[in-house]
Amino acid sequence: VNFETTTAHQNSYTSYPTFNSPLEVYDSIKDAGFDMLLYANNHCYDNKKSGFMATLNQFENYGFDYIGARSSLDDKSYMVKDINGVKLGLMNYADTLTQKNGQYYSINGITINDGCEDYMDIYMRGEYDKLYQEVTDKISDMKAQGADIIIMYIHWGDEYKLEPVTSQTMVAQKLCDLGVDVIIGGHPHVIEPMEILTSQTNPDHSTIC
């Protein structure tokens, strides 16, 4: 589940533009049968670093696996999960960082001036080298842990666009080249096309996006 809210204030609900949900949302998600939460999205910082960390703490309290974020710099924001004998390497990113005044990043219009970006798997369009190096390193580590399939859940693109924007197609191809097997995208609020990509560095490798 893409968990696109916070649980910073445990018993309150707030809607757009800054989201917060009561703790009962976790019971509902768990009762519906979901096990893993994705937390790299444009609303994860809606209640700043304290809300971000409080939400991750609740993920752990309720027993959810989660990716795309970490509560400690010593932790990993990705994982390898054995599903019926198949080891899946799972990671989650979002392209929703923006610059503000040339000094601090922002997300959803909120300036990140507390270092929280170090705990998020979030990148800014146009700044791809760091993303690609991180993905390379994570794939290498997941392969070392025995991952058979690499899956990227990615929060990207423009809302209500029925076709991918240039940054999506470029990043998708690079992720294919780096060895990602499956790309599952979100954020536009509409269904965009599916495509099977062929690696430009290894013609035997393809990626379903």
Side-chain angles (χ1 to χ4, degrees), residues 1-84 86-97 105-112 114-123 134 138 141-142 145 147 149-157 159 182-191:
V1 169
N2 169 44
F3 195 83
E4 199 160 356
T5 183
T6 67
T7 49
H9 313 293
Q10 297 182 4
N11 297 310
S12 66
Y13 168 79
T14 57
S15 186
Y16 184 84
T18 54
F19 295 166
N20 193 81
S21 300
L23 295 184
E24 286 85 355
V25 70
Y26 295 115
D27 294 316
S28 298
I29 294 171
K30 187 173 288 288
D31 289 348
F34 294 99
D35 306 299
M36 186 180 73
L37 304 176
L38 314 176
Y39 207 47
N41 60 64
N42 57 304
H43 287 285
C44 65
Y45 191 68
D46 278 4
N47 281 284
K48 306 253 335 171
K49 188 175 181 179
S50 61
F52 179 88
M53 291 299 180
T55 304
L56 297 186
N57 185 57
Q58 294 298 342
F59 290 175
E60 294 167 6
N61 287 345
Y62 279 82
F64 285 103
D65 288 329
Y66 65 91
I67 56 175
R70 53 185 176 166
S71 58
S72 166
L73 296 180
D74 294 326
D75 294 337
K76 294 179 179 179
S77 58
Y78 57 99
M79 67 174 57
V80 174
K81 196 76 174 176
D82 189 312
I83 309 295
N84 296 327
V86 179
K87 289 189 175 181
L88 304 181
L90 306 164
M91 56 183 163
N92 171 217
Y93 271 86
D95 74 349
T96 49
L97 277 182
Y105 287 110
S106 65
I107 182 170
N108 195 31
I110 305 170
T111 300
I112 306 174
D114 51 19
C116 195
E117 66 270 22
D118 293 335
Y119 299 84
M120 308 169 169
D121 285 342
I122 297 182
Y123 66 97
E134 288 180 2
K138 289 175 181 178
D141 185 38
M142 289 188 286
Q145 296 180 58
I149 299 171
I150 303 295
I151 301 176
M152 167 71 88
Y153 299 90
I154 188 164
H155 204 82
W156 62 355
E159 292 183 1
V182 180
I183 301 169
I184 301 175
H187 177 64
H189 299 198
V190 292
I191 303 298

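Atoms CG and OH, from Asp121 and Tyr93 in turn, are 4.0 Å apart once rounded to the nearest 0.5 Å. The CG atom of Asn92 sits 7.5 Å away from atom CG of Asn2, with the distance rounded to the nearest 0.5 Å. Rounded to the nearest 0.5 angstrom, Ile107 CD1 and Asn41 CG are separated by 7.0 Å. For the atom pair NZ (Lys76) and CE (Met142), the distance works out to 9.5 Å, reported to the nearest 0.5 Å. Distance check, rounded to the nearest 0.5 Å: CG of Asp114 to CE of Met53 gives 8.5 Å. Taking OG1 of Thr55 as the reference point, atom CG of Asn61 lies at 11.0 Å (rounded to 0.5 Å).
For the pair Met36 and Tyr153, the minimum side-chain heavy-atom distance is below 4.5 Å. Using a 4.5 Å heavy-atom cutoff, the side chains of Tyr119 and Leu73 are in contact. The closest side-chain heavy-atom distance from Phe64 to Val1 is not below 4.5 Å.
Val25 meets the side chain to side chain contact (heavy atoms under 4.5 Å, CB included) test with Phe3, Thr7, Ser21, Ile29; sequence neighbours excluded. A search for side chain to side chain contact (heavy atoms under 4.5 Å, CB included) contacts involving Glu24 returns Pro22, not counting sequence neighbours. Taking Ser50 as the reference, nothing meets the side chain to side chain donor-acceptor pair (under 3.5 Å) condition, with sequence neighbours excluded.
Scanning all heavy atoms of the two residues, the minimum distance from Thr18 to Thr14 falls at O-OG1, 3.0 Å. Between Ala54 and Ala8 the shortest heavy-atom distance is CB-CA, 4.4 Å. Heavy atoms only, all atoms of each residue included: Ala147 and Gly89 are closest at CB-N, 4.0 Å. Contact record, Ala40 with Gly68: CB-O, 3.8 Å, taken as the closest heavy-atom pair. Smallest separation of non-hydrogen atoms from Lys48 and Thr111: NZ-O, 3.0 Å. For Cys44 against Ile122, the heavy-atom pair with the smallest separation is SG-CD1, 3.8 Å.
Atom CD1 of Ile191 has 12 or fewer heavy atoms from other residues, nucleotides or ligands within 6.0 Å.
The side-chain contact (heavy atoms from CB on, under 4.5 Å) test with Gln58 singles out one residue from Leu23, Thr6, Leu37, and that residue is Leu23.
In this structure a side-chain-to-backbone donor-acceptor pair under 3.5 Å is missing from Asp75 to Arg70. For Lys138 (side chain) and Leu90 (main-chain N/O), no donor-acceptor pair under 3.5 Å exists by modelled atom type.
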*Intermediate values then yes/no, side chain to side chain contact (heavy atoms under 4.5 Å, CB included), Asp27 and Tyr62*: CA-CA 8 Å; Asp27 294 316; Tyr62 279 82; 3.5 Å; yes
*Verify side chain to side chain contact (heavy atoms under 4.5 Å, CB included) between Asn108 and His43, making sure each step is shown before the conclusion.*
CA-CA 7 Å; Asn108 195 31; His43 287 285; 3.4 Å; yes
*asked:* Would Asp46 and Thr5 count as a side chain to side chain contact (heavy atoms under 4.5 Å, CB included) here? Give the steps.
replied: CA-CA 8 Å; Asp46 278 4; Thr5 183; over 6 Å; no
*Do Met91 and Ile150 pass the side chain to side chain contact (heavy atoms under 4.5 Å, CB included) test, and can you show the C-alpha distance, the side-chain angles, and the key distance before you say yes or no?*
CA-CA 8 Å; Met91 56 183 163; Ile150 303 295; 3.8 Å; yes
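Between Lys81 and Asp35, none of the side-chain N atoms (NZ, or NE/NH1/NH2) sits under 4.0 Å from a carboxylate O, so this pair counts as no salt bridge.
With ring centers used as reference points, Tyr39 lies 6.0 Å or more from Tyr66.
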